Structures are given as structure tokens and as C-alpha cells.
Amino acid sequence: MDHLTNLDWTAVFLSLKVAGVATLINIVLGVSVGYALARWRFWGRDLLDTLLTLPMVMPPTVLGYYLLVLLGRRSWLGAWLHDHFGFSFIFTWQGAVVAASIVAFPLVFKPARAAFEAIDSQLEQAARVLGVSEFAIFFRVSLPLAWRGIMAGVLLGFARALGEFGATLMVAGSIPGQTQTLSIAIYEAVQAGNDEGANLLVLVTSLVCIIVLLSANRLAPGRVGHRSHEI
Amino acid sequence: MDHLTNLDWTAVFLSLKVAGVATLINIVLGVSVGYALARWRFWGRDLLDTLLTLPMVMPPTVLGYYLLVLLGRRSWLGAWLHDHFGFSFIFTWQGAVVAASIVAFPLVFKPARAAFEAIDSQLEQAARVLGVSEFAIFFRVSLPLAWRGIMAGVLLGFARALGEFGATLMVAGSIPGQTQTLSIAIYEAVQAGNDEGANLLVLVTSLVCIIVLLSANRLAPGRVGHRSHEI
Amino acid sequence: MRFHLNIQKTFRSREHTFSLDVRLDTDAQRIVILGESGAGKSLTLKAIAGLMRPDAGQILLGESVFYDQQQGIHLSPQQRRVAYLFQDYALFPHLNVRQNIAFGLVQGWRNPKPEFADPQVEYWLNVFQLRAVAQQLPHQLSGGQKQRTALARALIAQPTALLLDEPFAALDVHLRRVMRAELDQLQKELQVPMLLITHDPDDAAVFGEQVLHMKNGSLLPRS
Amino acid sequence: MRFHLNIQKTFRSREHTFSLDVRLDTDAQRIVILGESGAGKSLTLKAIAGLMRPDAGQILLGESVFYDQQQGIHLSPQQRRVAYLFQDYALFPHLNVRQNIAFGLVQGWRNPKPEFADPQVEYWLNVFQLRAVAQQLPHQLSGGQKQRTALARALIAQPTALLLDEPFAALDVHLRRVMRAELDQLQKELQVPMLLITHDPDDAAVFGEQVLHMKNGSLLPRS
Amino acid sequence: GEVTVSAAASLTNAFKDIAQIYQTHYPDAKVNLNFAASGALLQQIAKGAPVDVFASADQETMDAAEKQGLIVSAGRHDFAHNRLVLIVPTDSQFAFKQLQDLNQVAVKRIALGLPASVPVGRYAVQAMSAAKLWPALENKMISTQNVRQSLDYVARGEVDAGFVYASDATILRDKIKVAFEISLDSVIAYPIAPIKDSKHSEEAKRFIQFVSSAAGQAILVKYGFLKP
Ligand SMILES: Nc1ncnc2c1ncn2[C@@H]1O[C@H](COP(=O)(O)OP(=O)(O)OP(=O)(O)O)[C@@H](O)[C@H]1O
Ligand SMILES: Nc1ncnc2c1ncn2[C@@H]1O[C@H](COP(=O)(O)OP(=O)(O)OP(=O)(O)O)[C@@H](O)[C@H]1O
Ligand code: MOO
Ligand SMILES: [Mg+2]
Ligand SMILES: [Mg+2]
């Protein structure tokens with residue numbers, strides 16, 4: 001029991017670290033890509049959108065296998081990283097971050113795109129006329145107005161990153177204390193017939209997720225200019 | 001090869017059926033729940049939202065296990081269904097639908113809620129004053145104005161339902177021609193080291209997904225009242 | 001028809017408190033409300049339309065009790081069936097001019113088609129000179145076109161009262177005259193009470209059977 | 001300062017085609033545009049502000065070339081630095097009155113704080129009688145308060161031209177007078193060209209060094 | 001030193017115990033255990049995962065590893081045997097004594113690890129083929145992803161019977177029971193081998209020795225495995 005309790009905490013922190021970093025990456029990438037898809041009209045835009053959604057349809061294990069092929073030491077990229085920096089994604093928590101980011105990416109960029117498209121573009125025009133740079137308009141007008149939709153995607157992405165285990169297991173392995181995240185630990189406990197352990201871990205994961213999601217809701221910037229339904 | 005080609009098509013149709021029905025269910029449930037969470041203020045609203053997101057964080061296999069406990073022959077519900085209708089979710093495509101729906105549900109309701117919350121409520125008020133019932137307002141004002149955000153979630157949910165295999169495999173088994181979906185077939189091919197088979201199946205799944213998502217984009221009702229960025 | 005209004009409502013924001021306290025009991029059919037910006041004119045109309053629930057008081061129109069705090073009555077906007085012109089129009093952005101105007105004519109869960117044809121709609125499209133832009137969406141309209149669309153949308157159903165918040169503010173002098181005449185005639189036909197908020201003395205001249213001044217949330221006795 | 005305008009633009013919607021063809025060459029500093037609803041007044045101002053790109057023509061203001069189709073010049077709105085009042089205000093819904101007014105004063109990627117204090121902001125809050133509602137969000141404002149906020153936001157930076165689309169339409173007679181005086185003074189200080197769209201003859205009287213009439217997309221010679 | 005051991009999922013409980021005892025025996029040692037399906041473990045190793053020891057649940061996977069030159073062939077040996085058993089729910093109405101009994105009409109469904117990837121499934125198919133039952137029973141089979149899924153189906157009464165290893169049957173003991181053991185032509189043997197690219201080959205060798213030592217074998221027996 002003591003042993004289990006100790007194990008839990010490393011796994012909890014590792015999971016938070018992996019899901020947190022993956023979410024940060026996806027906030028940056030997902031919001032940028034969502035914005036680009038919403039604003040720039042180019043040929044094949046919807047096709048690109050669809051291609052970027054494909055990580056969703058692939059069984060995570062398969063995705064993990066492709067990542068292994070891409071990042072492994074035998075690959076061009078993996079070899080280069082290893083030779084120049086002595087670094088490898090395989091069996092490291094950074095590998096888990098890569099897997100979790102890719103799995104959760106569509107969840108972030110797609111709602112972000114929809115939220116940016118729903119903005120009344122006259123407000124961005126008003127900001128332009130006031131002499132504010134496009135860069136600043138993004139942060140001062142577009143982002144706050146798209147906030148709700150973006151947050152919905154980011155929270156989904158965080159939950160998915162926390163729950164992912166198929167691709168993660170493949171790339172990062174399942175080494176307790178190093179790469180064994182909560183969801184991998186759950187999976188392993190189930191496999192080993194340790195049902196109480198698994199239930200406990202599910203409870204812990206759920207609590208972690210509830211706490212993070214609820215605090216994120218609190219963080220949201222003040223209601224964005226909307227009337228309550230009746231005043 | 002011939003055998004494989006035959007197998008593909010049953011799996012393709014089965015996958016489409018499962019993901020399609022799951023998506024229909026989620027459109028109804030996810031949009032309703034998203035609307036309810038956006039409009040009704042009640043104690044514990046954000047907590048409920050978070051609880052409904054939890055299927056995301058659980059490894060699908062674990063979710064599948066809980067579903068087995070809930071729907072299996074030994075459960076109250078499973079026994080009742082079996083005794084009165086001779087029907088069981090376990091090892092049937094309907095079971096796969098249940099699994100896929102639950103896994104994809106958060107992806108639909110959360111962006112839907114955000115989209116409903118972003119609507120200018122004055123427009124709903126205008127419809128009220130014009131004597132239109134709340135029911136009709138939902139379909140004639142709220143839904144069209146929230147359309148983009150809802151579609152983003154629905155398409156994500158469809159992709160996820162198509163790609164889901166962990167929970168599906170647990171509930172529905174993997175009976176070729178009956179419950180073996182594309183993603184389960186991919187998983188099995190990968191596990192068996194049949195890489196060409198797996199790659200082919202991945203290609204098929206990706207194509208199916210691309211076709212469905214692209215046609216869904218076309219379906220979207222005309223651009224909802226937004227200026228292009230420059231006129 | 002007797003029109004009885006007695007409502008109180010307080011808005012508190014961080015630095016500023018605004019108290020609305022409106023009392024009016026009249027048999028006049030045409031009431032014009034003048035008053036400085038921010039006096040509470042729009043809020044008063046909103047309360048009558050059922051879009052703002054007062055903290056206390058009553059609103060009675062003829063036989064109907066729209067609102068009575070003590071009796072716990074607060075009819076929904078749908079039940080009041082008033083014509084209400086929003087000061088900022090509140091046009092449905094996804095519907096064209098024709099559909100916006102026809103919106104209240106159709107019940108059920110589907111919007112009128114973009115080509116929805118109906119004698120009443122045609123009538124108002126002509127009278128308000130909107131025929132040319134009937135197929136355009138709100139964001140493709142000029143300010144005055146939006147205002148006319150919103151007014152037509154409000155007037156088309158048989159309302160129990162006309163509540164118009166600066167109905168001609170965005171129109172040129174000529175159009176104002178045309179529409180004033182049109183509204184004059186409509187009110188006479190329907191014989192329902194009309195409350196009109198305006199800054200234009202000409203409106204007061206035509207419609208001001210009773211002219212009220214509003215200041216700081218209260219109605220001043222007739223000027 | 002010479003002001004040269006020669007722009008063409010066609011809008012096609014399903015049933016209706018609208019052609020804008022505006023030609024103007026003037027040294028007047030104060031230009032008032034009158035005209036019926038839907039004549040193309042707002043579109044003309046948008047073209048000058050850089051929010052609508054004409055199909056052909058030139059826009060020159062003093063030494064600056066804002067737009068020249070043949071030379072391929074089309075300055076961004078930021079480069080033109082004009083003060084532009086949107087007919088429907090376009091206030092930022094997530095920022096309070098003070099932040100809206102201060103919006104153009106701060107560069108960088110962060111909005112001014114809700115309590116942002118600055119002599120210029122205080123000046124306009126006072127002059128436009130917005131101090132009491134400075135902390136309120138746009139949806140908590142009356143129509144006239146919105147309009148004044150939008151006007152203050154447009155005027156606060158040192159603009160190269162004033163483009164005002166019905167700036168007083170939502171204001172009562174008294175406030176109109178106050179603000180007209182204020183604008184009059186500002187224009188005299190800045191000495192920049194001013195184009196004002198209005199339906200109010202009093203505006204034309206005060207600001208109409210040159211009064212133009214617009215009809216069907218074109219400017220008619222002075223009345 | 002440190003040593004990373006990739007072991008088949010079915011060895012989870014036994015290897016966790018072994019690693020713990022090993023570390024108390026050799027306080028300088030630190031064992032990192034990595035569990036997954038044997039096939040996944042092979043793919044990881046093939047793509048350069050820093051693994052020192054590989055313990056597979058079947059010979060085929062280890063053969064593949066050897067063919068790809070991933071392991072030190074000289075160090076490969078079998079460290080445990082297992083038996084194939086048929087399990088049924090504890091409250092089963094059937095009293096199966098032999099494979100032929102499965103051929104009754106009343107028997108509707110049987111859980112079987114996916115033959116293509118789950119070794120236990122492969123052995124079961126071999127046994128049924130040898131008994132001339134295979135095509136007849138084929139459409140009663142429910143393929144499962146792994147042993148645990150087979151166990152769950154049996155434990156929850158969704159299937160009438162399931163094929164697992166004797167070692168797997170130690171899980172969920174209160175819900176399932178072993179009907180009979182199935183005799184096979186070949187023995188079920190678990191191979192272990194050091195990895196060629198290993199940076200901790202000494203530690204790897206010591207760990208492999210410990211698995212085969214009396215202490216290691218005692219633990220394996222506790223979890224239902226047999227001595228090789
Ligand atoms: N939701 C709100 N919260 C706080 N204050 C509000 C809210 N809505 C309106 N107010 C305040 O109530 C006052 C009256 O507003 P109202 O819209 O009725 O003015 P009005 O008489 O219509 O003015 P105008 O002629 O400018 O449209 C204003 O000072 C406004 O700031
Ligand atoms: N995006 C667009 N697509 C099609 N037509 C448009 C578009 N924008 C404006 N129009 C049309 O151009 C014409 C001129 O519009 P504009 O807004 O300039 O009118 P205006 O003179 O400002 O009128 P008002 O006094 O009513 O505001 C109108 O008939 C309008 O319907
Ligand atoms: O279906 Mo999964 O999603 O194995 O992690
Ligand atoms: Mg008002
Ligand atoms: Mg205009």
C-alpha cells in the first residue's frame with residue numbers, strides 16, 4: 001500500500017508534466033494553426049484542415065508506431081538528434097510529450113478555428129483604423145473574443161493528453177518513475193489483475209483532471225461582453 | 001489479397017455505420033447538453049461539465065471495462081435487456097456504437113456549449129418579442145448562429161468515433177464482418193506484424209475520414225453573416 | 001386603452017448606480033418619450049416588452065397584466081405580442097432582409113425560405129423601399145436599410161402595442177417623412193398604444209398626443 | 001490640404017447590383033455628405049479609411065497617396081491613421097468605456113487596464129459626459145453612450161483626417177450641440193480634413209464648408 | 001548499475017516481484033521495467049529503445065528479434081514454461097473435461113487471444129486443429145486483444161469458456177476456475193536474452209542469471225509458471 005502510494009505521486013506529477021507541456025505546445029501551435037486556417041484563404045485549406053484532423057482517426061497504438069519509425073534512433077531525425085545532442089525521444093518523458101501533443105492537437109486547433117471564424121471582423125477593422133499592429137490585434141481583439149471556443153478545445157486537449165496511453169506507451173515505454181504516466185499505470189494495473197489499484201488510479205486521474213479543469217474555468221477572463229438572458 | 005479486399009469493405013461499412021450512428025446520437029445529446037450547460041445556470045454546472053469530460057481522460061480500454069461491467073449480462077441493465085428483449089450490447093455493433101458515442105461525447109458537447117455561449121443573446125430576445133416559441137428559437141436562431149462551433153465538435157467526434165478501438169474492442173469484441181471495425185483491423189494487423197496490411201487499412205481509414213469531413217464542410221449552411229476581411 | 005406603468009429597477013456597476021423609477025398612467029394612444037442620452041428610455045421600453053424584469057411594480061395594458069411583482073405575474077415576451085424596434089436593430093445575421101421581415105409570421109422550427117413570398121412581406125418591402133436589397137444579408141446593408149428592415153419586422157405581425165426606439169434615427173429627411181406617414185396610418189388602423197422614443201422634434205409633433213420627458217431614470221410631467 | 005477622391009467599386013448580390021463611382025477634388029477642410037439611405041456614403045468613408053478596396057481609382061490626401069490602383073498602392077488602415085467613426089460604433093465588447101477610448105493610445109500586445117489613467121482619456125470622458133459609465137462594458141451602455149464612446153475612441157489619437165459616419169444620430173438635441181462645439185474646436189486645432197455624414201441640417205450648417213449630395217453611388221455637384 | 005528490462009505483459013506481476021528481490025540482493029542495482037505486448041516491445045527495441053534485457057512470451061517474437069540481430073544469441077535461453085488451460089466462470093453450467101466438449105450446440109462463445117498476435121491464441125488453435133475441431137469451433141471464437149480481455153469475458157459470463165495460460169488463471173481467482181489443462185505437442189517456453197546494443201551488458205547478464213536462479217524460479221512458480 002505504501003509502495004502504491006509512493007508510485008502514485010511520481011505518476012501523478014509525471015502525467016501533469018507531460019499533459020501540461022503537451023497542452024502548452026498545443027496552445028501555441030493549435031491556436032496559431034486555427035487562426036491561420038480561419039483567416040487565410042488558400043487553395044486546399046479545407047483539405048489541410050482535414051489532414052490535420054487525421055491523428056484522431058488513427059488508433060493511438062498505430063500512431064505510436066509511426067512515431068517510433070519517425071523518431072527512433074534508426075530514423076534520420078532520431079540519428080541526428082542522438083549524434084549531435086545525445087538525446088532520444090524514445091523512452092523519455094519528452095517522447096511522451098510528443099505523442100500526447102500529436103494526439104491532442106486536432107482537439108485544439110479545430111475549435112480554435114471555429115471560434116476565430118465566428119468573430120465579427122468589423123471589430124478587427126476598428127482596431128486597424130486605430131493604428132494597432134496586426135500582431136497586437138491578434139492578442140488584444142481576436143484572442144479575447146475567441147477565448148471561449150479556444151478554452152473548450154484546450155481543456156479537451158488537456159484531458160486527452162492526460163488520458164492518452166496508446167501512442168505514449170509505444171514511444172516512451174512504461175518505466176515507473178520515468179515514463180509511466182497515470183494512464184499507463186492504470187492500463188498496466190488492469191492487465192496485471194490489480195483491480196483495486198486500477199480503480200484507485202482511475203480515481204486519482206479523474207480528480208487531477210477535475211481539479212485542473214475547474215481551476216482553468218476560474219482562470220477564464222471575465223465574461224466576454226454578453227448579456228445575461230434577462231436583465 | 002482478395003480476402004483482404006473483401007474484408008476491407010465490410011469493415012469500412014461497419015466503421016461508417018458505427019461512427020455514423022454514434023455521431024448522430026452525439027449530435028442530439030451533445031448539442032442538447034451543450035445548450036443546457038450554456039443557458040441554464042445551476043449550482044455545480046461547471047462540475048457537471050467537468051464530469052462529462054472525464055471519458056476523455058480514461059484509457060479507452062478501462063472505459064470499455066467499465067462499460068462491460070455496466071452493460072454485461074451480469075449487470076442489472078444487461079440482464080433486464082437480455083431477459084425482456086433477448087438483446088445484449090456485448091459483441092454486437094450496437095455495443096460498438098455505445099462505446100464510440102461515449103468516447104466522442106465530450107468532443108461534441110464542449111465546443112457546442114462554447115458556441116452557444118458566444119451568441120449575442122439580444123438576437124434570441126428579438127425572436128422572443130416576435131412571438132416565436134423557445135423551441136423554434138433554438139432551431140431558427142441559436143443553432144444556426146452556433147453552427148460553426150458545433151460542426152467543429154461534431155467532426156472531431158466523428159473522427160474519434162471512427163478511430164476508437166480500445167473501448168469498442170472491449171464491448172463489441174472483434175468479430176470479422178460483425179463487429180470488427182477498421183481501427184480494430186488496423187490494430188490487429190499491426191500486432192500481427194502485417195505492416196503492409198496495416199498501412200493499407202490506415203490509408204483506407206484516412207480516405208474515408210477525409211471524404212466524410214470534406215463533404216461535411218460543404219454541407220455547412222451558408223457563411224453565417226460575416227464580412228470577409230476586406231470588402 | 002389604459003396604459004399603466006409603475007416600475008422600479010436598480011443597476012449597480014462598480015462605480016455607478018442607475019435607478020429606474022417610471023410611473024405613468026394614461027389613456028393616450030400615442031406617447032412620445034424625449035430625454036437625454038442615458039436617461040432610461042430604452043430600459044423602459046425593454047421592461048414593457050418583457051426583456052427586462054423590474055425589481056418591483058406593475059405593467060398593465062388595457063385588460064392585460066404584463067407584470068405585477070406582488071401577484072408574481074411576469075408574462076413572457078411571446079405572450080405580450082408587442083412590436084418592438086431595438087435601438088441597434090438586432091437583425092438576424094444569418095437571414096436576408098425578406099427572411100428577417102417574415103420571421104415572426106411563421107411558427108414552427110424552420111425559418112422562412114430566402115424567397116419567402118407573402119403579401120404582407122411584399123407590402124412592407126415596397127413601402128419601406130427595401131425591394132432591391134430583399135436578398136441581402138444584414139452585413140451587406142447600409143445603416144438606414146438595416147433600420148427599415150428592423151422596423152418592418154416589428155410592425156408586420158398584428159401587435160398589441162408599438163414600442164419603437166428611435167425608429168428613424170438613421171434615415172434621411174425624405175425617408176423619415178414617408179415612414180412617419182406610414183406609421184401614422186398603421187397606428188390609426190390598429191388602434192393600439194404606441195410609445196416612441198425620439199430625439200427629433202418632428203416626430204414629437206406628429207405622434208405626440210402625450211409627450212413625456214425622461215431624466216435620470218424618471219419621467220417628468222408633461223412639458 | 002488637397003483631397004482627391006476618384007474611386008469605382010461594384011457590389012453584386014443576387015438580385016441587386018450597386019455601383020459606387022465617387023469623384024471629388026477639393027481644398028475644403030470641412031465636407032458634409034448628405035444623401036438618401038443606401039446612397040453609398042458609408043462605403044465612401046470606408047474606402048478612404050482603407051476598410052474597402054475599390055476596384056479602380058485613386059485616393060490622395062495632401063502629399064499622401066492612400067490608394068492608387070495603377071501604381072498598385074493600397075496603404076493599410078494603420079498607415080493611413082485616420083479617425084473613423086463606424087455608423088454602428090464597433091465598440092470592443094470585452095473592454096469597458098475607458099479601455100475602448102484608450103485602445104489606440106497603447107501599442108504592444110496588451111490592452112490598457114480597466115483603470116487606465118491618462119490625461120487625454122480623462123479629457124474626453126469629461127467632455128463627452130462619460131465619466132459615470134467609464135467602467136461599464138458596451139452592453140451595459142445606452143445607445144447614445146455607445147456613440148459617444150466610439151467618437152471619443154476615434155478622436156483621441158492625432159489623426160490625419162476625421163471620417164465621421166452620422167456621429168450624433170443617437171444623441172439628444174442638447175448633447176448634439178455640446179458635441180458639435182467640441183468637434184468644431186478639435187478640427188480647428190488639428191487642421192485636418194473632416195468628412196461628416198449626416199441627416200441633420202444643423203450639422204451641415206456648422207460643418208458644411210462644402211456640402212455634397214450623394215445619390216445612387218455618385219456625388220452630385222454642390223447643392 | 002541500471003538495467004532496463006522489457007518484459008511481456010503477462011509477466012508483469014512475476015517480474016515486478018523479481019525486480020524487487022533483485023534490488024534488495026544487489027543494492028547497487030536499479031531495474032527499470034517496461035511492460036507491453038511482446039510485439040510492441042520488439043518494435044521499440046528495433047527502433048533503438050535503450051533496452052538491456054528482453055523477455056518475450058513466445059519464441060516467434062524472440063526469433064524475429066534474433067533474425068534482426070537485436071539480441072545476443074548466445075545469451076538467449078528459456079527461463080519458464082507454462083501450460084495452456086481452459087477456464088470457465090465459477091458458476092458455469094458446463095462441466096468441460098476435454099476439447100470435444102466445446103463442440104456442443106449449447107456452447108455459444110469462447111474467448112481466444114487473437115491468434116495472429118497473442119501467443120496463447122496460437123497454441124489454442126494448434127491444439128484444436130490437432131483435435132480436428134478447428135473449423136467447427138472457429139465461429140464461436142471471440143478474439144481478444146490480450147489475456148486480460150479473455151479473463152474479463154469469462155469472469156463476467158459473457159463467454160462460456162476461454163483459453164489462457166495457467167499463470168494467467170491466477171488472476172480473478174474468485175470468478176473463474178480452470179476446467180482442464182490442454183496438452184500440446186510443443187512446450188510453451190518463455191525466452192529471455194540480452195540486447196546487443198546494451199550499454200549495461202554486465203548488469204543485464206546478472207539480471208538474467210537471477211531470473212533463472214532458484215530465487216527467481218520460486219517467484220515464477222508462485223505466479224503459476226513452471227520450471228523450464
Ligand atoms: N446592464 C446594465 N448594467 C448597468 N447599467 C446599465 C445596464 N443597461 C443600461 N444601463 C444604464 O442605464 C442607463 C439608461 O440606459 P438606457 O439605454 O435606457 O438609456 P436611453 O435613455 O435609452 O439613452 P439613449 O438615448 O442614449 O439610448 C444608462 O446610464 C446605462 O448606462
Ligand atoms: N457587402 C456588400 N454587398 C453588397 N451590397 C452592399 C454591401 N455593402 C453595402 N452594400 C450596398 O451598397 C449600398 C450603399 O451602402 P452604404 O452603407 O454606403 O449606404 P449609406 O449611404 O451609408 O446609407 P445609410 O444612410 O442608410 O447608412 C447599399 O445599397 C447597400 O445595400
Ligand atoms: O483507443 Mo486509445 O485511444 O488506445 O488510447
Ligand atoms: Mg436608448
Ligand atoms: Mg451608412
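All values below come from the heavy atoms of this structure, side chains included, with hydrogens, waters and symmetry mates left out. These numbers come from a predicted model, not from an experiment. Order of the sequence lines sets the chain letters (A, B, ...), proteins ahead of strands, with each chain counted from 1.
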Give, for atom CE of A:M151 and atom CD of B:E117, the distance between the pair rounded to the nearest 0.5 Å. 12.0 Å
Could you go through A:V202 and B:V62, starting from their C-alpha distance and side-chain angles, then the distance that decides it, and tell me whether this counts as side chain to side chain contact (heavy atoms under 4.5 Å, CB included)? CA-CA 9 Å; A:V202 166; B:V62 177; 3.8 Å; yes
Does any heavy atom of chain B fall under 4.5 Å from the side chain of A:L47, the backbone, both, or neither of them? both
CG/B:D46 to CD1/A:I210 distance, rounded to the nearest 0.5 angstrom? 12.5 Å
Go through the atoms of A:L107 and report whether side chain, backbone, both or neither lie under 4.5 Å from a heavy atom of chain B. both
Which answer fits B:L156, side chain, backbone, both or neither, if we ask what part of it has an atom under 4.5 Å from a heavy atom of chain A? both
Which one wins on heavy-atom pair count under 4.5 Å against chain B: A:S206, A:G149, A:A115? A:S206
To the nearest 0.5 Å, what is the distance between CG (A:D195) and OH (B:Y65)? 4.5 Å
CG of B:L52 to CG of A:L213: how many Å apart, nearest 0.5 Å? 11.5 Å
Residue B:Y66 versus chain A: region with a heavy atom under 4.5 Å: side chain
Decide side chain to side chain contact (heavy atoms under 4.5 Å, CB included) for B:C209 and A:T53; before the verdict, give the C-alpha distance in whole Å, the side-chain angles of both, and the deciding distance to 0.1 Å. CA-CA 9 Å; B:C209 186; A:T53 315; 5.7 Å; no
With a 4.5 angstrom heavy-atom cut-off, which part of A:N199 approaches chain B: side chain, backbone, both or neither? both
Which heavy atom of A:A118 sits nearest to which heavy atom of B:R148, and what is that distance? N-CD, 4.1 Å
Just so I understand: if I count every heavy-atom pair under 4.5 Å between each of B:L51, B:I186, B:I184 and chain A, which residue has the most? B:I186
Locate the shortest heavy-atom distance separating A:A159 from B:V57; write the atom from each residue and the value. O-CG1, 3.1 Å
Which pair of heavy atoms, one from A:P111 and one from B:P111, lies closest together, and at what distance? CG-CG, 4.4 Å
